[in-house]
Amino acid sequence: MRRLPTFGWALLVSIWAGLVGGAVIREPSVDLVPLYAVICQLLGLVAAYWTMREHDQILESVHRPGRVGMFIIVLFFMMVPLSTVFALVLGDTSAVGVATQWVSYLVGLGSALYVAFAGGFDRAWETYT
């Protein structure tokens with residue numbers, strides 16, 4: 001697939017990643033919410049674009065909206081429980097607590113990108129339909 005459409009899909013996915021990451025990671029200060037959201041979006045954009053370029057045949061299928069939906073669901077259900085547990089155990093504002101929440105974001109992002117754009121969706125589609 002060409003680079004511009006791939007970038008467009010990566011941008012769409014990164015907006016969702018920024019929204020979820022910026023909302024779920026508990027910041028030590030409310031002033032950091034926009035900064036965290038932008039950082040999450042930029043990380044999501046780079047990771048999504050790289051994943052989609054590595055698996056460029058993925059976006060040629062007809063399941064593109066399903067892939068984005070699957071990305072959102074997996075990101076949310078991986079990141080929210082992990083970050084909630086880390087925040088409860090380690091605290092919201094401690095450096096270790098915030099760092100582990102960032103790790104939960106990266107785990108959620110990687111899992112969601114794998115499931116949606118690196119073959120997980122295709123395996124589920126072939127198995128259950």
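Under a hydrophobic clustering in which Ile, Leu, Val, Met, Phe, Trp and Tyr are joined whenever their side-chain heavy atoms come within less than 4.5 Å, directly or via other members, Tyr105 and Val38 fall into different clusters. If you chain together hydrophobic residues whose side chains sit under 4.5 Å apart, Leu82 and Leu88 never meet in one group. Linking Ile, Leu, Val, Met, Phe, Trp and Tyr residues whenever their side-chain heavy atoms come within less than 4.5 Å leaves Trp9 and Val46 in two separate clusters. Connection of Val98 to Leu35 is established within a shared hydrophobic cluster, with ILVMFWY side chains joined at heavy-atom distances below 4.5 Å, either directly or through further cluster members. Under a hydrophobic-cluster definition in which Ile, Leu, Val, Met, Phe, Trp and Tyr are linked whenever side-chain heavy atoms come within less than 4.5 Å, directly or via other members, Phe7 and Leu42 are assigned to different clusters.
Summarising the geometry of Met78 relative to Ser111, their closest heavy-atom pair is CE-OG, 3.6 Å, with the distance given to 0.1 Å. Residues Leu45 and Ser14 come closest through the heavy atom pair N-CB, 3.3 Å. When every heavy atom of Cys40 is checked against every heavy atom of Gly22, the shortest pair comes out as SG-N, 3.9 Å. Shown here for Gln101 and Val24, the closest heavy-atom pair between the two residues is OE1-O, 3.9 Å. Shown here for Leu90 and Gly97, the closest heavy-atom pair between the two residues is CB-CA, 3.8 Å.
Tyr114 has its side chain out of reach of Thr51: every pair of non-hydrogen atoms, C-beta onward, lies at least 4.5 Å apart. Looking only at side-chain heavy atoms (C-beta outward), Thr84 and Arg26 come within less than 4.5 Å of each other.
Applying side chain to side chain contact (heavy atoms under 4.5 Å, CB included) to Leu75 and the options Val20, Val107, Leu19, Val80 leaves one that passes, Val20.
The list of ring pair (Phe, Tyr, Trp, His ring centres under 6.0 Å) pairs with a residue in residues 65-94, not counting sequence neighbours, is empty.
The closest donor-acceptor contact from the side chain of Arg67 to the backbone of Phe117 lies at 3.5 Å or more, if one exists at all.
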**Request:** Begin with the C-alpha distance, continue with both residues' side-chain angles, and end with the deciding distance and a verdict on side chain to side chain contact (heavy atoms under 4.5 Å, CB included) for Leu109 and Met79.
**Result:** CA-CA 8 Å; Leu109 180 64; Met79 185 183 169; over 6 Å; no
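Rounded to the nearest 0.5 angstrom, Leu11 CG and Thr6 OG1 are separated by 12.5 Å.
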